[in-house]
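Report on the following structure.
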Number of protein chains: 2
Amino acid sequence: MSGLRERKKVKTREAILREAFRLFREHGYSATTVEQIAEAAEVSRATFFRYFPTKEDLVTLDRFLPLVEALKAQPPGAAPVSALRGAFRTAFAGLSAEEITAGHAREVFAATVPELVAANLRKSPGLIREVAEILADRTGCPPDDSRIQNVIGASFGVVAMAWLRWARDSAVDGPAEIDRSLAHLESGLTL
Amino acid sequence: MSGLRERKKVKTREAILREAFRLFREHGYSATTVEQIAEAAEVSRATFFRYFPTKEDLVTLDRFLPLVEALKAQPPGAAPVSALRGAFRTAFAGLSAEEITAGHAREVFAATVPELVAANLRKSPGLIREVAEILADRTGCPPDDSRIQNVIGASFGVVAMAWLRWARDSAVDGPAEIDRSLAHLESGLTL
DNA sequence: TATTTTATGAGACTACAGTATCAGTTGCGT
DNA sequence: ACGCAACTGATACTGTAGTCTCATAAAATA
């Protein structure tokens, strides 16, 4: 039952996000204060914090759930790097072009602003462990096996670099770039 | 000419660092305030900031210069990953066991506390670019070639994971773990 | 329409990082 | 011994994130 209240809340939430990202784009993340965001979104500071407990929460949402799900669904035969590659593929395939470009702005900050990198990193041990467990299941290794961790480290390493290229230049096709990078890793990083 | 003044300054600096890390160990990085550190080191808050412009500066020093130098000195024939592996080897070989264990405490924080990871990351684009240029020189690729970046991403990815294992468990032989991880990457991440 | 529940705004408050000022002290060269 | 330069402490100040309280307004419910 989406009453008026619910709809208003959604609108407020969207206004805050929209104005926040506009200000971030114009002045940068840390140079934008919560007060400015609240003012631009026409809510009080208190209300801002009711919607987003911290400023970081504007940018660090759980974006990797689809990836984890996709990874679980990969065919069992594939090698770990291939499975990760496939997971990224299907995770991106589940998004519309609009969602991808909309998400891109957010990712630019998440990948670029150190505070936000930190915020995301704070959540990353959980992601790494989860991925490690899935890959461990698939291969029969224990999840703390250093080979598994090397696969994860190397994969996320190349993905991060591709992600940065994407963040720096929105003309880059992020998903394709990520796929190519993982393919490169898959084939042994040949030159 | 190490006059009394110089020596005092060194002692003060050491006291600040020592007390800071003791408090970090006991209560964590962000739960430790500059005031507490200053008090423990028996200096004023103002003096603390004279020695370390920001709290982060306690932990984020330029630790990768030796690595870059070592990378430049690698034999020209080696593949990029091998060159990086060799560079880590020689960079660690240049440190005494005491230096390594002393540095370990710092690394634990630098690798574990998100704010510090971020602070280090803030300096990392320069490092990445530098490494990219060196590797590009060695291989003839342009430095922004995505293959070069993949090599860097993958290498630093596995190194980061090894580093984390080291940070979590000081019994781990960090340098050896890093070497093994890069060797694993070198040989195609075989399981 | 009357009552209850919930969102909001206003504003005071805390905590902490980092800055600025200024006076007092201490080592240093003469 | 003396005066200078550097180091220090005390202290007040700024900016910003995040908390708390309470009164008001607006939506839901009966």
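- The nearest whole Å value for the distance from the CG atom in A:L23 to the P atom in D:dT16 is 14 Å.
- Rounded to whole Å, atom P of C:dC16 lies 12 Å from atom CZ of B:F49.
- Distance alone, capped at 3.5 Å, places no donor-acceptor pair between the A:R85 side chain and the A:I178 backbone.
- Proximity of A:V10 to A:R7: side-chain heavy atoms (C-beta onward) are nowhere separated by under 4.5 Å.
- Within 6.0 Å of CZ in A:R129 there are 12 or fewer heavy atoms belonging to other residues, nucleotides or ligands.
- Look at CG on A:L4: it is 11 Å from P on C:dT8, rounded to the nearest Å.
- Between B:Y51 and B:D57 the shortest side-chain heavy-atom distance does not fall below 4.5 Å.
- Between A:K8 and C:dA7 there is no side-chain polar atom (N or O) within less than 4.0 angstrom of OP1 or OP2.
- A donor-acceptor distance shorter than 3.5 angstrom exists from the side chain of A:N150 to the backbone of A:S146, with no hydrogens or angles considered.
- Atom CZ in B:F49 sits 9.0 Å away from atom NZ in B:K55 (nearest 0.5 Å).
- Put simply, NE2 on A:H27 is 17 Å from P on D:dG15, counting in whole angstrom units.
- Side-chain atoms of B:L17 and B:F52, non-hydrogen and from C-beta on, do get closer than 4.5 Å to each other.
- Checked against A:L58 for a side chain to side chain contact (heavy atoms under 4.5 Å, CB included), the options A:I16, A:T32, A:V34 give a single hit: A:I16.
- When the P atom of C:dC16 is taken as reference, atom OH of B:Y29 falls 14 Å away, rounded to whole Å.
- Between the CZ atom of A:F48 and the P atom of D:dT16 there is a distance of 14 Å, given to the nearest Å.
- Atom P of nucleotide C:dG27 and atom CZ of B:R7 are separated by 11 Å, given to the nearest angstrom.
- Using modelled atom types, no side-chain atom of A:R180 and backbone atom of A:A162 make a donor-acceptor pair closer than 3.5 Å.
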Pairwise N/O distances under 3.5 Å, protein to nucleotides 5-7 of chain D:
residue : atom : partner : partner atom : Å
D:dC7   : OP1  : B:K9    : NZ           : 2.6

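- Contacts between residues 34-46 of chain B and DNA chain C, defined by a heavy-atom separation below 4.0 Å, involve B:V34, B:R45, listed by number.
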